[in-house]
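Below is one structure, written out as structure tokens, with a few remarks after it.
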Amino acid sequence: MKPHAVAMLFRAVALAEAGSWLLLLGGMFVKYVGDSERGVQIFGPVHGGVFVLYLVVTAVAWRVLRWDLRTTVLALVASVPPLATIWFDRWATRTGALPVPVPEPEPTPAS
């Protein structure tokens, strides 16, 4: 896999992991404030699946992007607190651990 493709995949899964956390937290709120477990029953497995996918994509990123141990551990730890994967994505982009896609120049029209 190409590094830019892995970086884009990692970003997408990190965002999905954060979003699934929000959905699960909403389901937990309804469970404990309201009287329905339906949100947790739906969003619990969704979050679990996205969480496992995030771990797999992190392992792929470690190999393809040649992350050091510190970056890899931070990525894994970021999967535990809600929304921390977004923080990690920003940190990794800022430090160069996640390459930023370079826009291709637009072709010039023929004269």
Side-chain angles (χ1 to χ4, degrees):
M1 292 185 81
K2 294 183 179 182
H4 287 290
V6 171
M8 294 295 288
L9 176 63
F10 183 86
R11 283 188 176 95
V13 174
L15 183 60
E17 201 275 342
S20 71
W21 247 125
L22 286 176
L23 292 172
L24 179 57
L25 289 172
M28 291 169 62
F29 177 80
V30 170
K31 176 181 176 179
Y32 293 111
V33 172
D35 57 351
S36 174
E37 292 191 23
R38 192 76 173 139
V40 174
Q41 291 171 343
I42 293 170
F43 299 125
V46 169
H47 174 67
V50 176
F51 173 80
V52 170
L53 180 62
Y54 178 84
L55 297 179
V56 170
V57 171
T58 298
V60 171
W62 166 65
R63 295 290 304 251
V64 173
L65 301 177
R66 298 181 181 175
W67 283 352
D68 60 9
L69 183 62
R70 176 180 180 238
T71 302
T72 306
V73 168
L74 279 175
L76 294 172
V77 169
S79 67
V80 177
L83 308 178
T85 55
I86 294 173
W87 167 84
F88 176 81
D89 176 88
R90 290 182 180 177
W91 176 85
T93 300
R94 190 174 60 250
T95 60
L98 273 176
V100 178
V102 178
E104 294 184 23
E106 293 189 26
T108 56
S111 318

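In what follows, every heavy atom counts, from backbone to side chain, and hydrogens, waters and symmetry copies are set aside.
The two atoms that bring P99 and H4 nearest to each other are CB-CE1, 3.6 Å, heavy atoms only. Closest approach of V100 to T93, counting heavy atoms only: CG2-CG2, 3.6 Å. Here the closest non-hydrogen pair linking A14 and T85 is O-OG1, 2.8 Å. Between A84 and A78 the shortest heavy-atom distance is CB-O, 3.2 Å. When all heavy atoms of M1 and V6 are compared, the pair lying nearest together is CB-CG2, 3.7 Å.
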N/O donor to acceptor pairs below 3.5 angstrom from side-chain atoms of residues 26-38, sequence neighbours left out:
residue	atom	partner	partner atom	Å
S36	OG	R38	N	3.2

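Hydrophobic side-chain contacts under 4.5 Å tie L69 into a cluster, directly or through other members, with V73, V77.
Between the CG atom of L9 and the NZ atom of K2 there is a distance of 15.0 Å, given to the nearest 0.5 Å. Between E17 atom CD and L83 atom CG the span is 8.5 Å, to the nearest 0.5 Å.
In terms of the side chain to side chain contact (heavy atoms under 4.5 Å, CB included) criterion, residue partners of R70 (sequence neighbours excluded) are, by chain and number, D68, L74, W91. Applying the side chain to side chain contact (heavy atoms under 4.5 Å, CB included) test to L53 and every residue at least two apart in sequence or in another chain returns V13, V57. A search for side chain to side chain contact (heavy atoms under 4.5 Å, CB included) contacts involving P82 returns W21, L25, not counting sequence neighbours. In this view, W67 and F10, T58, A61, W62, L65, T71, T72, A75, F88, A97, L98 satisfy the side chain to side chain contact (heavy atoms under 4.5 Å, CB included) rule, not counting sequence neighbours.
Looking at F51 and S79, their side chains come closer than 4.5 Å, going by heavy atoms from C-beta outward.
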